[in-house]
Amino acid sequence: QYNVMLRQSKRLLNLVNQLLELSKLQKGILKLQVRQSNFNQFIRTIVSAYDSLAKELNIDMQIIDNCKNIFLWFDHDKVEKIITNLLTNALKFTESGGKIRVTITKADKEFVEVVIKDTGKGISSEHLKRIFDPFYQADAFHNNRFEGTGIGLALVKELVHVHHGQIKVDSAPGKGSEFTLSLPSNKSMYNPEEFCNDACEFFSEKVNMSFVAEQEKNDFTNGVNITKDKKIILLTEDNNDMRNYIKMCLADNYQIIEAHDGEEGIRMAYDSIPDIVIADIMMPRMNGIEMTKILKNDQRTCHIPVIILTAKASEESKLESLQSMADEYLTKPFNVKELKIRVENLLANRERLREKFGRTISVNPPEITATSLDEQFLTKALTVVEKNMDNNEYSIEQFSREMAMSRSSLHRKLFALTGQSASGFIRSIRLKRAAQLLRKNSGNISDIAYQTGFNNLSYFAKCFKEQFGVLPSDFK
């Protein structure tokens, strides 16, 4: 927990420092401190700090040096921040299997160029015009795996400007992006007061670069092993530290499955049908509001309670969350005890509804008026079972196909609503139909057993007694 606190504190400090630096640059307070060193080696050092992250994301990242070693006069700290932000951006918006190329070129006698080209999704011309505006984030960016702040590129632009350089971008949707940084190669382009007077050696802030790279890391959940002894919570949160912290708080009593964003969360909800969903609002690709709307409007998942977590405490955000049919709304920072109580209460409410459905379930589908997706689902399930009432070879696989769900999803959905497995649900409906027929004296016990899908009288009698407490012969 202390490591999580330290990482998040460093992250906050890094963002505050960027904001302060951006403000100083815009006011002309921040000055250059240029010194001469090997520019090629400097760029290689920065790029190498991202090698492990690129491999983890399955991105082919290479540096191409089109010129011999260039001993350039430049401000090491500012150029490092420029390259770091551009590399981070390239990694953010390049999908697995993509490429990033960093090319160093001596453009002419006046400038040296560093070109960072990726094979990402690219940026439309509409957004390209505002790409360097402070806090601007194109809507298309939210389709990616990472959430940004809108500070990085604005800082890059100001840093390049104060360095007497130029920055341009060439991009198009589906073709990736190419950022070209041009820096002066002639010492005479700097003013006397912009030279560093101390004799200190250049020290690359590898710790900072490693920290930035670490913040972008992303661990994907490839598979889920569902156990039967614990309720399942689907935790959808893009921040690794926050996700791990919540998991640690809840793991003793629940089985936690994890998703990095809303799109992954939707897929995992369909696959595992969890007992509850905890989702952050601000996530890349699909946010928590969109995810909740999809889950609540899908018959397979509409019964699942959703808790929305958010750093947005405004009344507007709360209303938006509740309008998405979220069951609970919790603002960050939240009290862990409160989160646990809300989870327990929602699960207890589901248990009460399950008992209600289990008690009141009817075997006459036409008489049911479905007023919710859950009731519509049960109506359909009852209709399917009723249609196959006398088919003693009717299988769970056939039931799943007619319900358009996988066997495991159907089982978890039915269990969430009725406390019964798919086979238990079919058997219960058949026994209730048998009880109705016995009350009406619609035939002898043997005939009624066959009419309701039982071809073994002793098994029918055993199941009937388990459900109603008496044998069919004693039922009135």
Side-chain angles (χ1 to χ4, degrees), residues 1 4 221 224-262 264-283 287-296 298 300-313 317-318 320-357 372-374 409 411-419:
Q1 289 184 55
V4 171
T221 306
V224 181
N225 295 316
I226 302 298
T227 58
K228 295 180 180 179
D229 56 336
K230 287 184 178 182
K231 299 288 186 184
I232 298 169
I233 295 178
L234 170 58
L235 178 56
T236 309
E237 163 70 64
D238 62 318
N239 183 280
N240 292 347
D241 283 336
M242 177 60 73
R243 193 171 65 249
N244 289 331
Y245 175 70
I246 297 173
K247 179 181 178 181
M248 178 185 66
C249 294
L250 300 174
D252 286 345
N253 299 314
Y254 307 99
Q255 182 179 357
I256 311 296
I257 57 177
E258 303 169 64
H260 179 268
D261 56 51
E264 189 181 10
I266 291 292
R267 288 196 300 271
M268 297 188 74
Y270 289 158
D271 289 342
S272 58
I273 312 294
D275 296 288
I276 199 164
V277 172
I278 299 175
D280 185 30
I281 279 190
M282 295 182 66
M283 295 185 292
N287 64 40
I289 299 292
E290 294 167 337
M291 176 186 171
T292 302
K293 286 179 180 177
I294 291 172
L295 291 178
K296 290 296 188 178
D298 192 301
R300 293 169 290 179
T301 54
C302 60
H303 68 283
I304 303 172
V306 178
I307 297 177
I308 289 286
L309 297 179
T310 179
K312 293 183 174 182
S317 297
K318 184 175 182 178
E320 187 182 11
S321 299
L322 295 175
Q323 284 169 354
S324 72
M325 294 185 285
D327 298 84
E328 291 282 5
Y329 177 93
L330 207 55
T331 56
K332 299 176 183 176
F334 56 84
N335 186 304
V336 173
K337 288 183 180 178
E338 182 182 0
L339 175 63
K340 289 180 177 179
I341 290 170
R342 291 187 186 231
V343 169
E344 290 168 5
N345 288 345
L346 286 172
L347 291 174
N349 287 339
R350 290 307 309 176
E351 190 63 38
R352 284 191 285 272
L353 286 172
R354 179 188 299 165
E355 290 173 3
K356 175 191 171 187
F357 274 124
S372 73
L373 287 179
D374 285 342
S409 294
H411 164 76
R412 292 197 59 78
K413 175 75 178 183
L414 282 170
F415 190 81
L417 293 179
T418 67

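All residue numbers refer to positions in the sequence shown, counting from 1. Small disclaimer: the values here were computed from a predicted structure and weren't measured. As a basis for the values below, the full set of heavy atoms in this structure was taken, side chains included, without hydrogen atoms, waters or symmetry mates.
Here N244 contributes atom CG and M248 contributes atom CE; the two are 9.0 Å apart, rounded to the nearest 0.5 Å. Rounding to the nearest 0.5 Å gives a distance of 4.5 Å between CD1 of I294 and CD1 of I266. Once rounded to the nearest 0.5 Å, the distance linking CG of L339 with CG of L250 reads 5.0 Å. Separation of atoms CD1 (I278) and CD1 (I307) is listed at 5.0 Å; rounding is to 0.5 Å. Taking CD1 of I341 as the reference point, atom CG of N335 lies at 8.0 Å (rounded to 0.5 Å). Atom-to-atom distance recorded for I304:CD1 and K296:NZ is 8.0 Å, nearest 0.5 angstrom.
At distances below 3.5 Å, not a single donor-acceptor pair connects side-chain atoms of T301 with backbone N or O atoms of Y270.
Listed here is the closest heavy atom pair of A259 and M268: CB-SD, 3.9 Å. For the pair P305 and D327, the tightest heavy-atom approach, listed with the atom from each and the gap, is CA-OD1, 3.2 Å. Here the closest heavy-atom approach between residue G288 and residue M283 is recorded as N-CE, 3.7 Å. Listed here is the closest heavy atom pair of A269 and P274: O-CD, 3.7 Å. The nearest pair of heavy atoms linking I256 to A251 is CG1-CA, 4.2 Å. Taking every heavy atom of both residues into account, M291 and A279 meet most closely at SD-CB, 4.2 Å.
Under the salt bridge (charged side-chain N to carboxylate O under 4.0 Å, His left out) criterion, the residue pairs touching residues 335-344 are E328-R342, E338-R342, with sequence neighbours excluded. Here salt bridge (charged side-chain N to carboxylate O under 4.0 Å, His left out) pairs that include residues 245-256, with residues two or more places apart or in two chains, are K247-E258.
For the side-chain hydrogen bond (donor to acceptor under 3.5 Å, both in side chains) test, no residue two or more places apart in sequence or in another chain qualifies with N287. Applying the side-chain contact (heavy atoms from CB on, under 4.5 Å) rule to L347 yields the partners K231, Y254, D275, I276, V343; only residues at least two apart in sequence or on another chain are considered. For K332, the side-chain contact (heavy atoms from CB on, under 4.5 Å) partners at least two apart in sequence or on another chain are E237, M242, D280, L309, F334. Judged as a side-chain contact (heavy atoms from CB on, under 4.5 Å), and not counting sequence neighbours, the contacts of N349 are R352.
Between R412 and D271 no salt bridge is recorded (no basic side-chain N to carboxylate O distance below 4.0 Å).
Between N239 and Y245 the shortest side-chain heavy-atom distance does not fall below 4.5 Å. Looking at L417 and R350, their side chains come closer than 4.5 Å, going by heavy atoms from C-beta outward. Using a 4.5 Å cut-off on side-chain heavy atoms (C-beta onward), I273 and F415 make no contact.
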Using the rule given for side-chain contact (heavy atoms from CB on, under 4.5 Å), can you reason through E264 versus T236, listing the C-alpha separation, both sets of side-chain angles and the distance that settles it, and then say yes or no?
CA-CA 8 Å; E264 189 181 10; T236 309; over 6 Å; no
